[in-house]
There are 2 protein chains.
Amino acid sequence: MGNNTSRFEKLLVKNGLKRTVPRLQVLEILSGRDSATSQPYLEQVMGKDADRVTLYRVLQAFEEKGIIHKVLDQQGTANYAICSDGCSAHEHHDEHVHFNCDNCHKIYCLDTVKIPALKVPAGFKVAHLNLIATGLCASCSGKVN
Amino acid sequence: MGNNTSRFEKLLVKNGLKRTVPRLQVLEILSGRDSATSQPYLEQVMGKDADRVTLYRVLQAFEEKGIIHKVLDQQGTANYAICSDGCSAHEHHDEHVHFNCDNCHKIYCLDTVKIPALKVPAGFKVAHLNLIATGLCASCSGKVN
DNA sequence: CATTTTAATGCAATTATGTTGCAAATATAA
DNA sequence: TTATATTTGCAACATAATTGCATTAAAATG
């Protein structure tokens, strides 16, 4: 347990969630990574520490409260990343670009890149935008090709 | 069978695929819809006419040949739409925007809307872009809200 | 601090989803 | 019409996700 613990505990309490071991574990793992983390990876890392079902429910609860957000990769697998501070259950601000590296398969949240405005046909009302770019990330583009 | 049949038969032959009942059925269903069609929906409509496995394989073959393209919706479910004429096995041109209606859950391929160019951080190399907009489609935006 | 209340976990069972191998059937070529 | 190659459908298997419920743990209460 790092010194993040109390920060995470506050985060849980603030969202009306009890401060439990599996929840803190998930926050710990997600915060220690520079890219979104897949459900299968989380499952593997948690190992026998937590039941698969518990993990599903933890992730679902976090997503509902706006603590994490879900990105689907090209295969449709769910990946999770901790939301920036502006997020809440009421309003998600995850409309940044996600970058899916074809080589290392990490998913980066490019918080700094804004999705450009979009012209849609008459009648359509856009509520949210979800842009996934694929290609090579900064650390892979040097190595391969 | 509508009068599309011969057109679809040509399409199959052109792609080196045999002209079979389940394949023509899938093309018939997809072409009769104005939005992308989910795998579960196709399964339901085909009913006992075709085996689940056959459907998987038909869709896979079509995708490989560039006859249809796959879009994942927000739940990660696969949806399929017939490609515009420019597509082939060698080169897919499905980089248009997909619109996911929050009300009727249809997925529209907005062929006319181009994805704007994107500035990504140094080192990142973008190969493909995949933009999904959610909101209300033209026919729903009048009805609700 | 002991006790009550409420929420969360873990297990078992179930359901849904996707894959593989192979024999039978069907489409095309010869 | 026959031969060849592809495609289908079945069965079995594998994987992923969901539900109900008893047990456990956390916060609230007196």
Side-chain angles (χ1 to χ4, degrees), chain A residues 1 5-6 8-29 37-65 67-68 70-80 89 105, chain B residues 1 5-29 36-65 67-68 70-80 89 105:
Chain A
M1 289 288 151
T5 307
S6 75
F8 292 149
E9 291 180 348
K10 278 179 200 152
L11 185 61
L12 291 176
V13 172
K14 193 179 75 181
N15 285 283
L17 297 173
K18 287 183 178 173
R19 172 183 63 75
T20 68
V21 173
R23 283 173 180 167
L24 289 170
Q25 262 184 303
V26 169
L27 290 174
E28 198 69 45
I29 295 169
T37 303
S38 72
Q39 202 276 338
Y41 177 87
L42 278 167
E43 205 171 308
Q44 185 203 313
V45 172
M46 309 258 301
K48 58 169 186 50
D49 287 359
D51 193 76
R52 252 163 52 79
V53 179
T54 300
L55 178 56
Y56 279 115
R57 292 194 270 224
V58 166
L59 293 172
Q60 187 186 309
F62 283 3
E63 204 191 353
E64 280 168 4
K65 298 294 186 179
I67 296 173
I68 62 179
K70 171 158 66 171
V71 208
L72 301 178
D73 63 21
Q74 302 308 84
Q75 286 77 246
T77 304
N79 289 61
Y80 297 90
H105 298 104
Chain B
M1 290 286 153
T5 307
S6 76
R7 181 163 74 85
F8 293 149
E9 291 181 349
K10 278 180 200 150
L11 185 61
L12 290 176
V13 172
K14 193 178 76 182
N15 285 283
L17 296 172
K18 288 185 176 171
R19 173 183 64 76
T20 69
V21 173
R23 283 173 180 167
L24 289 170
Q25 262 185 303
V26 169
L27 289 175
E28 198 69 45
I29 295 169
T37 302
S38 73
Q39 203 276 341
Y41 178 86
L42 279 168
E43 206 170 307
Q44 185 202 314
V45 171
M46 310 258 301
K48 60 170 184 51
D49 288 358
D51 193 77
R52 249 161 47 81
V53 179
T54 300
L55 179 56
Y56 278 113
R57 292 194 271 223
V58 166
L59 293 171
Q60 188 186 308
F62 283 3
E63 203 190 354
E64 280 168 4
K65 298 295 184 177
I67 296 174
I68 62 177
K70 172 157 66 172
V71 207
L72 300 179
D73 64 20
Q74 300 312 80
Q75 287 76 247
T77 304
N79 287 63
Y80 297 92
H105 298 104

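Computed from heavy atoms alone, side chains included, the values below leave out hydrogens, waters and symmetry copies. Proteins get letters first, then strands, A, B, ... in listed order; numbering begins at 1 in each.
Rounded to an integer number of Å, the gap from B:L24 CG to C:dT26 P is 15 Å. Spacing between atom OH of A:Y56 and atom C1' of D:dG20 amounts to 17 Å, rounded to whole angstrom units. Going from atom OH of B:Y41 over to atom P of C:dT17 covers 17 Å, rounded to whole Å. For the pair B:E43 CD and D:dG9 P, the interatomic distance rounds to 13 Å; values are reported in whole Å. What separates CG of A:L12 from P of D:dA27 is a distance of 9 Å, to the nearest Å.
Taking CG of A:D49 as the reference point, atom CD of A:Q25 lies at 4.5 Å (rounded to 0.5 Å). Taking CG of A:L42 as the start and CG of A:L55 as the end, the distance is 5.5 Å to the nearest 0.5 Å. A distance of 7.5 Å separates CD1 in B:I29 from OH in B:Y41, rounded to the nearest 0.5 Å.
The residue among A:P40 and A:V53 whose nearest nucleotide of DNA chain D lies closer to the 5′ end is A:P40. Along DNA chain C, the nucleotide nearest to A:A50 and the one nearest to B:A78 differ in position, and the one closer to the 5' end is contacted by A:A50. Where B:V13 and A:T20 meet DNA chain C, the nucleotide closest to each residue was compared, and A:T20 sits on the side nearer the 5' end.
Closest to the side chain of B:V58, from the set D:dG9, D:dT8, D:dT7, is D:dT8.
In terms of heavy-atom proximity, A:K70 sits nearest to A:A78 at CD-CB, 3.7 Å.
Contact of B:K18 with C:dT26 (side chain to base): no donor-acceptor pair of N or O atoms is detected under 3.5 Å. B:R52 contributes a side-chain N or O that forms a donor-acceptor pair with the base of C:dG18 under 3.5 Å. For B:R57 against D:dG9, a side-chain-to-base donor-acceptor contact under 3.5 Å is present.
Axis angle, first five pairs versus last five pairs of the helix from C:dC1-D:dG30 to C:dA30-D:dT1: 30°, rounded to 10°.
For D:dA17, the OP1/OP2 oxygens have a side-chain nitrogen or oxygen of A:Q39 closer than 4.0 Å.
Backbone-only contact: B:R19 has heavy atoms under 4.0 Å from sugar-phosphate atoms and none from a base. Base engagement by B:T54 is indicated by at least one non-hydrogen atom pair under 4.0 Å involving a base atom.
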